[in-house]
Amino acid sequence: MARAPPLTPCRHLHPRPITAKPTQLLSPITITTPRKISSVHVSSTTSDTMTSRGYIHPSLEIVGGGRHRDSILQDLKTLALPYNPFPVIGWNGHVETLFAAFFRSVPDVRLRRECLRTEDNGTVALDWVSGDDRYLPRDSPILILLPGLAGGSGDAYVRHMLVRARSKGWRVVVFNSRGCGNSPVTTPQFYSSSFLGDMREVVEHVATRFPKANLYAVGWSLGANILVQYLGQESHTCRLSGAVSLCNPFNGLLTDQNLRKGFNIVYDKALARARREIFKKHALLFEDMGGEYNIPLAANAKTLREFDEGLTRVSFGFKSVDDYYYNSSSSDSIEHVRIPLLCIQENPNCLLIITPKGGHLGWVAGVEALRGAPWTDPVVMDYLEHLERGASKGLASCSNSVCEQQYAEPEGLLSLEVL
C-alpha cells in the first residue's frame, strides 16, 4: 500500500500527501433494530427489477424510498449493473475487510491543513484539497468527509471518495477528529461517538466560509454514527443539504457485544491499538487526571471497551461504559432526520439497497476492483449529484419552508441503504 509523509499537526497550510493507516477495521456486524420496515420489498431472481423510470439489477434488493424513489433510482446508474464481488476476496466478509484495509490503493492527493480551534479550546484538523481556492467557484458544492474510528484523511476509502467528488467539481474537506490524521490535541479530551460539538462547529465554520455553497457530508463507521446523530439532533435547523452514512454501527451496545465474539475480536484489538497509539502521543495532557479516570487502563487497553472505560466515558460524563454506548447510538436519532439521507440501516422511511456481499468498508467489487475505489463510491456520488441538482429548487435543504412542506410526512425522508 502506498505511503506518504504525514501532515505536520499544527500547520494551517501543508500541501503534502498524508500517511494512510489501516485503522478503519471493524467487523461486518449485523445490527438488529426494533423498527419494522413498512415499505415494499423488491427483488428478482430471473430478470431486472424495473421501476417506472429505470432498472435495478436482481443481485440487489431495494425497499422503500417514498414518493421520490423513482427519481432517485433513475440517477443511480450503478444499480442497473450486477454486484460482482471480486473472486475469492469478495466471497468472505472478513477477508474483504482486511484486504480493503491493507491493500486498497491510496490516491496521491495534495492537501492543505486548517486547524480549527473549538469553543472549549480543543482542536480539529480540516484537510482541504490544495489549490481548490484558486480553481473552484465559491458556490461549488462542498462535501465534508467523516472517517471511521481513529481514521483520517490518509485512509484509502476516504481518499477514493475525495478524488471522485473532486473530479466532479466538488470542493472536499476531511474532518479529522481530535488526534486523528496526525491532528493536534490541545486539551485532555479526545472525541467520542456521543459528542457532537465539534461536528456542529465544523459545519458552521464551513458554511460561514462558503455562504453560497450547498453543504453535504459522508461518514463511515463511527463517523457515520456521529453524522446521523447530528442530523437527527439538528433536525429542522440542519445546515446540510444531504448526507450519506456508510457502515454505521448504529447501536453501540450491540456493536460492543459483537466485537467480543469470534473473529471480531481481531478487529477489536486492532481498533484498541489504534486508540492507544493516539493516546500515547498526548499522554502528558492526561497524567494529572483524577476522579473516575483510569489512565493506566486506557494506556494499556486491549479492547475498545477498556479504553472507553478508562477514558472516554469519564471524559463525556457517563456513569458506565454501557451508559455511554446506549446514549451514543444513532438508531434513536435517525427517525428525526429531515434532510435526504443515504444510509446503511433500516428505517421505516428508507430506500434500502442490499448487496449480496461486502466487508466492513470493503465492497471490493465493480469496475475498479481489485485495489481501486469501493463499489459504493459511484452510488454515493450519483446520489449527491442528484441532490445537488435539486438543491436550487429547494428540494434538498432543511433551512427553508420548502423543506418543511417537502419532508413533513415520514415517507418523504429520502434514504438509501447499502449493506
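Values below: every heavy atom of this structure, side chains too, minus hydrogens, waters and symmetry copies. Nothing here was measured: the structure is a model prediction, and the numbers come from that model.
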Out of curiosity, Ser193 OG to Ile226 CD1, how far, rounded to the nearest 0.5 Å?
5.5 Å
Taking Arg200 first and then Glu234, would you say they form a salt bridge - that is, a charged N and a carboxylate O separated by under 4.0 Å?
yes
Residue pair Ala150 / Ile278: nearest heavy atoms and the distance that separates them:
CB-CD1, 4.0 Å
If you define the side chain from C-beta out and look only at heavy atoms, does anything of Leu384 sit under 4.5 Å from Glu388?
no
Say you draw a straight line from CG of Leu227 to CG of Leu246; how long is it, rounded to the nearest 0.5 Å?
10.0 Å
Flag side-chain contact, heavy atom, 4.5 Å: Glu201 against Glu204
no
Decide yes or no on side chain to side chain contact (heavy atoms under 4.5 Å, CB included) for His94 and Val266, but give the supporting numbers first.
CA-CA 10 Å; His94 294 302; Val266 174; over 6 Å; no
If we only count heavy atoms from C-beta on, is the Leu146 to Met199 side-chain gap below 4.5 Å?
yes
Measure from the side-chain N and O atoms of Ser105 to the backbone N and O of Arg371, and report whether any donor-acceptor pair falls under 3.5 Å.
yes
Indicate yes or no for a side-chain donor-acceptor contact from Asp268 to the backbone of Leu304 under 3.5 Å, with no hydrogens or angles considered.
yes
Less than 4.0 Å between a side-chain N and a carboxylate O, is that true for Arg305 and Asp256?
yes
What's the separation between atom CZ in Phe86 and atom CZ in Phe99, rounded to the nearest 0.5 Å?
7.5 Å
Do any N or O atoms from the side chain of Arg159 and from the backbone of Ser153 form a donor-acceptor pair under 3.5 angstrom?
yes
Sorted by chain and number, sequence neighbours left out, side-chain hydrogen bond (donor to acceptor under 3.5 Å, both in side chains) with His336 holds for none
Could you give the distance from CD (Glu309) to OH (Tyr324), rounded to the nearest 0.5 Å?
12.5 Å
Using the rule given for side chain to side chain contact (heavy atoms under 4.5 Å, CB included), can you reason through Phe307 versus Leu271, listing the C-alpha separation, both sets of side-chain angles and the distance that settles it, and then say yes or no?
CA-CA 10 Å; Phe307 187 91; Leu271 290 168; over 6 Å; no
Side-chain contact, heavy-atom cut-off 4.5 Å: Leu126 with Val202?
yes
Any side-chain to backbone donor/acceptor pair from Ser192 onto Ser194? Under 3.5 Å, distance only.
yes
What pairs of residues pass the ring pair (Phe, Tyr, Trp, His ring centres under 6.0 Å) test when at least one of them lies in residues 190-211, not counting sequence neighbours?
Trp128-Phe210, Phe190-Phe286, Phe195-Phe316
For Asp308, is there any backbone N or O sitting under 3.5 Å from a side-chain donor or acceptor partner on Arg313?
no
Between CG on residue Leu341 and OH on residue Tyr383, distance to nearest 0.5 Å
6.0 Å
Kindly indicate, with the supporting measurements, whether the criterion side chain to side chain contact (heavy atoms under 4.5 Å, CB included) is fulfilled by Trp220 and Cys247.
CA-CA 6 Å; Trp220 292 265; Cys247 293; 5.6 Å; no
Distance-minimising heavy-atom pair for Val185 and Gln189
CG1-O, 4.3 Å
Are any of the side-chain heavy atoms of Val244 and Thr376 separated by less than 4.5 Å?
no
Check whether Gln229 reaches the backbone of Ser328 with its side chain - one donor and one acceptor, N or O, closer than 3.5 Å.
yes
Looking only at heavy atoms, what is the nearest atom pair of Thr123 and Arg178, with distance?
O-CG, 3.4 Å
A side-chain contact here means heavy atoms from C-beta on lying under 4.5 Å apart; do Val206 and Arg239 qualify?
no
When every non-hydrogen atom of Ala213 is compared with those of Leu215, the smallest separation belongs to O-CD1, 3.5 Å
Looking at every non-hydrogen atom in both residues, tell me the closest pair between Val109 and Val163 and how far apart they are.
CG2-CG2, 3.6 Å
Taking the side chain from Arg338 and the backbone from Leu231, do they hold a donor-acceptor pair closer than 3.5 Å?
no
Any donor-acceptor pair under 3.5 Å linking the side chain of Ser177 with the backbone of Cys180?
no
Would you check if Glu114 and Val173 make a side-chain contact, meaning some heavy-atom pair closer than 4.5 Å?
no
Side chains of Asn327 and Asp323: any donor to acceptor distance under 3.5 Å?
yes
Going by heavy atoms in the side chains, are Asp377 and Met161 under 4.5 Å from each other?
yes
Ignoring hydrogens and angles, tell me if any N or O in the side chain of Asp155 forms a donor-acceptor pair with the backbone of Tyr157 under 3.5 Å.
no
What one should report as the nearest heavy-atom pair of Pro374 and Arg104 is CG-NH1, 3.4 Å
Distance (rounded to the nearest 0.5 Å) between Phe103 CZ and Leu98 CG:
9.0 Å
Any sub-3.5 Å donor-acceptor pair from Ser130's side-chain atoms to Arg112's backbone N or O?
no
Between Arg171 and Asp133, is the closest basic N to carboxylate O distance under 4.0 Å?
yes
Tell me whether Arg166 is salt-bridged to Asp132, with the criterion being a basic N under 4.0 Å from an acidic carboxylate O.
yes
For Tyr216 and Ile144: C-alpha separation, side-chain torsions, deciding distance, then whether side chain to side chain contact (heavy atoms under 4.5 Å, CB included) applies.
CA-CA 6 Å; Tyr216 303 84; Ile144 303 171; over 6 Å; no
Pair Asn176, Ser183: side-chain N/O donor-acceptor within cut-off below 3.5 Å
no
Say whether Ser330 and Asn248, considering side chains only, have a donor N or O and an acceptor N or O under 3.5 Å apart.
yes
